[in-house]
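Right, one structure below, let's go through it.
As a basis for the values below, the full set of heavy atoms in this structure was taken, side chains included, without hydrogen atoms, waters or symmetry mates. So you know, we letter chains A, B, ... as the sequences are listed, proteins then strands, and number each from 1.
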Amino acid sequence: MAVGRTDQLLRGFGDYLVAGGLVRRADSTYDICRDITRFRVQFHDNSYAEFALSNWELQTGGRDGFREWTRHLHRAIECRAQATVRLDMLYGFTIPRERIFHGEPSIADATAEKLFKETAPMVYREISKNGWAAIVGSEGTKYKLHKCVSYCIERVSDRARLCAVVPGVPLWDHLLGVKLMVERDELKFLETANVARA
Amino acid sequence: MKTLKVMDASGDTRIQFEEGTSAEAEAKKLFKSLISKGSAVFAVNRGDGVPDKRVKDFAELESDNVVVPRIAGG
């Protein structure tokens, strides 16, 4: 169990608000649990915080469901974090964070990582070393593939972060899906991500 | 022997089949179903530095194939 993570949560969420929807965090990644009952913030030291989601947070859906989800989930995280800070101030000491602990990757995460490793070993090595890897789209455009869920693909020419996700799969599967689409069918990918060609 | 690695919540589910067997017919049915749902299929690990390829027809499948669920845009 780790304590003192609340500041990180608030800072991460603050970046999100300031950027108006663009997720820019150097110290954490956000993830939605596969059964959509929990939301997870993972830090680079592999510790992570999980939050249960209530019904109102799950009622958004449709074509833009992911974007709506993200907005509501971040709001939920902020409320939870602020409440925890207030309790700390009330009691005069830091309350142990029961939901924050050091965890090993799940079997699904390990399986997805193995698939990525055997499909694109060089890109895997680069991402593991730097946190990102250079890839080239089927139309010749250069991109950076970042190891994160939201806005994982960045166009080098204008530093635009493109938003497209492979829903319901572990992080490494998501990265592999995006990589394959960009490298083999870039135009279709750009159409999905709602962006024009550079 | 051909393999379809279908990405899902557990990481991936692998379906192996030989040509001309009943397993191939099942795999073909699954392939059609996945494609109709918007999944993208890629032939990977093609050897000798040959790049991956997007596959749109069952006959084009190679020995190692990855199925990516429909990508959602933001």
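Only the side chain of A:K188 has a heavy atom closer than 4.5 Å to any heavy atom of chain B. Residue B:V67: no heavy atom, backbone or side chain, is found under 4.5 Å from chain A. At a 4.5 Å heavy-atom cutoff, A:E191 makes no contact with chain B through either its backbone or its side chain.
More than 12 heavy-atom neighbours from other residues, nucleotides or ligands sit within 6.0 angstrom of CZ on B:R46. Heavy-atom contacts from other residues, nucleotides or ligands closer than 6.0 Å to CE of A:M122 number 12 or fewer. Atom NZ of B:K53 has more than 12 heavy atoms from other residues, nucleotides or ligands within 6.0 Å.
Counting heavy atoms from C-beta on, the side chains of B:S10 and A:T111 never come closer than 4.5 Å.
Between the side chain of B:R54 and the main chain of A:D185, no donor-acceptor pair closer than 3.5 Å is present.
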Under 3.5 Å, which donor-acceptor pairs link side chains of residues 30-42 of chain B to any protein atom two or more places apart or in another chain?
| unit_1 | atom_1 | unit_2 | atom_2 | d |
| --- | --- | --- | --- | --- |
| B:S36 | OG | B:K32 | O | 3.3 |
| B:S36 | OG | B:S33 | O | 2.7 |
| B:S39 | OG | B:L34 | O | 3.3 |

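The cluster map of Ile, Leu, Val, Met, Phe, Trp and Tyr, joined by side-chain heavy atoms under 4.5 Å apart, puts A:L162 and A:I135 in the same cluster. B:V66 and B:V6 fall into different hydrophobic clusters, where Ile, Leu, Val, Met, Phe, Trp and Tyr residues are linked whenever their side-chain heavy atoms come under 4.5 Å apart, directly or through other members. B:V55 and B:F58 fall within the same hydrophobic cluster, defined by Ile, Leu, Val, Met, Phe, Trp and Tyr side-chain heavy atoms under 4.5 Å apart, directly or through other members. Linking ILVMFWY side-chain heavy atoms closer than 4.5 Å, directly or via other members, places A:V166 and B:L4 in two distinct hydrophobic clusters. Put simply, A:W132 and A:I153 are part of two different groups of oily side chains (I, L, V, M, F, W, Y) that touch within less than 4.5 Å, one to the next.
If you take OG1 on A:T119 and NZ on B:K5, they are separated by 5.0 Å, rounding to the nearest 0.5 Å. One distance of note links CE of B:M7 with CZ of A:F116; it measures 9.0 Å at 0.5 Å rounding.
Pairing each heavy atom of B:V68 with each of A:G177, the nearest pair is CG1-CA, 3.6 Å. Of all heavy-atom pairs between B:A9 and A:A108, the closest is O-CB, 3.3 Å. Taking all atoms of both residues into account, the shortest heavy-atom contact from B:I71 to A:A164 is CG2-CB, 3.7 Å.
Ranked by heavy-atom pairs under 4.5 Å with chain A, the list B:N45, B:D12, B:D52 is led by B:D52.
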Review point. Passes side-chain contact (heavy atoms from CB on, under 4.5 Å), A:L115 versus B:R14? Steps please.
Key: CA-CA 11 Å; A:L115 177 64; B:R14 299 183 181 210; 3.9 Å; yes
Review point. Are B:V44 and A:L180 close enough, and set up right, to give a side-chain contact (heavy atoms from CB on, under 4.5 Å), and what steps lead you there?
Key: CA-CA 9 Å; B:V44 299; A:L180 289 170; 4.2 Å; yes
